[in-house]
Amino acid sequence: MNQPIRPNQTTLDNFAKDLNDIRAKTMKEVGQIDANHIRKMIRVQRASEITGRITMVLGFINPVLWILGVLLLALAKILDNMEIGHNVKHGQYDWMNDPNINSRNFEWDHAGDSASWKRYHNHEHHTYTNIIGKDRDFGYGLLRLSDDTRWKPKNRWQLPVFVLFSMMFQWGVAYHELAGERIFFGKRRKKSSLPITRTQLRNAFFSKGARQLFKDYVFFPLICWPVFLPVLLGNFCANMLRDLWTASVIFCGHFTENIHVFKMSECENETQGQWYYRQILGSSNITGSRWMHLLTGHLSCQVEHHLFPDIPAWRYLEISKQVQAVCKKYDIPYNTGSFTKQYFSVVKRVVTFSFPPPKIHAQAG
Amino acid sequence: MTSDNILRTGQSWLARQITNHTSFGAYFEPLIQLLLPQWRSDRLRSKIVSIRQESHDMYSLVIKPHRRWQDFTAGQHLELTVEKDGAWMSRFFTISSSPAHFKKSGLIELSIQIQEKGQITPWLSKALHAGSIVNLSQAQGEFCLSRQEEPILMIAGGSGITPFRAMLQQLSLMPNKTDNVAKTLMYYARSSEHFLFKQELRKFTEQVPSLQVHFIDSAEHGFLSAQHLERYSENFKTSHIYLCGPANMILHGRKLLTSLKVNWQQLHYEFFGPEPIDLEQSSGANSILFSRSNKQISTEESAPKTLLELAELASTNPVSGCRAGICHQCICQKKSGVVYNTKTQQYSDTGAQEIQLCISVAASDLVLEL
Ligand code: FES
């Protein structure tokens, strides 16, 4: 996992120019077909949510229906969070001027409050991608994924922690934003203006969390009273499936074996070329079928998403060919592979760094 | 609280809880659009009946509003929303026909002047045809005739005639025999071909004896002046005066009338339509109005600042994050005006739109919802 040598500044400037050209060319085409795409996704999401909730209730006729219902509901939640929510909240569709498909108003079917998520994810994670100590998404403060983080005895258990965290990913993320904001607040810079207090933040977390619990574990089970338990259980399973899936996709995007990490000192006064370069080295793609890409919300094109976070995501597939060509031209590594390959390499990374680095004794001595 | 209100609050609370949307309508909107294209939960889906060319640069849309569209008063305007290349575009237009006409036929008319460099007005008349769908808001606005006994003076500039056409049509369709209050319309246009609704306005004077209409060609007779006022409306000092037209005409008229000691309470005016986009002209200092906090700030030509910096200077407490156009936290609704986006290097549209404050600079006077 050697850090490749950073190309010189002229190369990076040309590299940035080529990427900017791709961006400009794509942005020009954005229009009706993007609006049609996102509306279609929302329709599929609505249809699977509604039929999912109904078929789950019919599980008393045949348990297969219950399973089908759970899968449909999980599908709806995955689409809502990934292809719709994540992308809408990145402002990819703000140009539509649609009050419901808009980064300011969109609220997703997820424990994390939208505004907090946006505040944290769009800003810190996308600006400081993979900078140790700055991008708290790198390991979520739970996992040690690089020798730049000091080894602690608790890291021995990080494989089971990783599995558990994946299963409760939505709550993990929701809590993470809350805690993150606190830290952010502690060292709040004079210039940055977050017109929100800690209490407001905490309230946002609790009210959104409560709403999600109410919906899936009180409201829907109750209105289906005779089948209260199966519905409650079904909703729980659907949530968990969604959590497992989204966690896996996100881990494959940033924690694979060949991902690079950076120090804050390397990134001060970055030029645009250097920024692009860091985004590419800090992300990895997943190959797969069209459905697979949709289900990941096109985070399977994590590299392109980090380069151009506000281009409608379904265009990343097309763009990725161009980005790969540009990378090849400048001899810049581009990380991609099948889902199994990438996931396996994440697990490998989690296991590798659960052990102390071999040199630790020498340093201590 | 009425029971209707309680029901509505309860509904939207429930919608929030179980759909994460502000209303069930918003949640089902994309599905309903399958059956009813362009349906919007917060708008009234209405049909274009016909499009009539009024002059070379003005046309009227004849619209059959949705049945939930309520009544209006002559002189009011509404917001028209259409989809263009996947984006909703909204503009305010005055209703140029009368409530009496609406009652009779179920139709309203919007008379629209083509803005040469505009994105919407030149496109709209080509994109729409009989049977097309547009979305309407309810009518709004205060620019309506008061019921007082004082005489009325109306001053129209160019396409600013539209609200007056509605008011006068109303008077002609609902004539009040005992109504002797003097009504005068002074209608300015830049040449004799530019007078709109000429036949119709003449017809109104026949139907309403107390009405006088003067067509004034400003190329020949000049702009509104004290002499004009004396000549066409000797009792203007005691009249309620209604002004509608381009911004500079209203500013000029307001100044003139106050210098002639006309009481403020008697003055009513409406800035008509978006000002034409003229970027060369507006490169100087612009003023930015923050509509929620009701604060105002001006840009300086010598030291250009982003709207985010200006909003912070005006202490309107804007949200921000990356300050580089990445995170979209600084998104804010621009009510009107043109901004230049430094990232895409493009000028915006003139109407209501979401913009990123940190990468936008003012290219005209702006109203921001902050
Ligand atoms: S502050 Fe991040 S996009 Fe404007």
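Each chain gets a letter, A, B and so on, in the order its sequence line appears, and its residues count up from 1.
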Heavy-atom pairs under 4.5 Å with chain A, option from Q346(B), R40(B), M89(B) with the top count = R40(B)

Where the side chain of R46(A) meets the backbone of Y27(B), is there a donor-acceptor pair that is under 3.5 Å apart?
-> yes

Determine whether more than 12 heavy atoms belonging to other residues, nucleotides or ligands lie under 6.0 Å from atom NZ of K295(B).
-> yes

Can you measure from CE (M96(A)) to CD (E83(B)) and round to the nearest 0.5 angstrom?
-> 7.0 Å

Using a cut-off of 6.0 Å, state whether more than 12 heavy atoms not belonging to F236(A) lie near its atom CZ.
-> no

What part of R16(B) gets closer than 4.5 Å to chain A, counting heavy atoms only: side chain, backbone, both or neither?
-> both

Checked I331(B), T344(B), D85(B), L34(B) vs chain A; the most non-hydrogen pairs under 4.5 Å come from D85(B)

Atom pair CD/NE2 of Q92(A) and H328(B) - distance to nearest 0.5 Å = 8.5 Å

Which value, rounded to the nearest 0.5 Å, describes the distance between I101(A) atom CD1 and E29(B) atom CD?
-> 7.5 Å

Could you look at K40(A) and say if it's the side chain, the backbone, both or neither that has a heavy atom under 4.5 Å from chain B?
-> neither

Chain B contact via Y93(A) - side chain, backbone, both or neither, heavy atoms under 4.5 Å | neither

How many angstroms lie between atom CG of N97(A) and atom CD of E354(B), to the nearest 0.5 angstrom?
-> 6.5 Å

Measure across D109(A) and N20(B) and return the closest heavy-atom pair with its distance rounded to 0.1 Å.
-> CA-ND2, 3.5 Å

So which of D216(A), I38(A), N100(A) has the largest heavy-atom pair count under 4.5 angstrom toward chain B?
-> N100(A)

Which atoms of L14(B) approach chain A - backbone, side chain, both or neither, heavy atom under 4.5 Å | side chain

Ignoring hydrogens and angles, tell me if any N or O in the side chain of R39(A) forms a donor-acceptor pair with the backbone of P30(B) under 3.5 Å.
-> no

Smallest heavy-atom separation, K343(B) atom then R23(A) atom, equals CE-NH2, 3.7 Å

Output for pair (K215(A) NZ, Q17(B) CD), nearest 0.5 Å, gives 10.0 Å

Enter the distance from Q45(A):CD to L31(B):CG here, rounded to the nearest 0.5 Å.
-> 9.0 Å

Donor-acceptor pair, Q32(A) side chain versus G86(B) backbone, under 3.5 Å?
-> yes

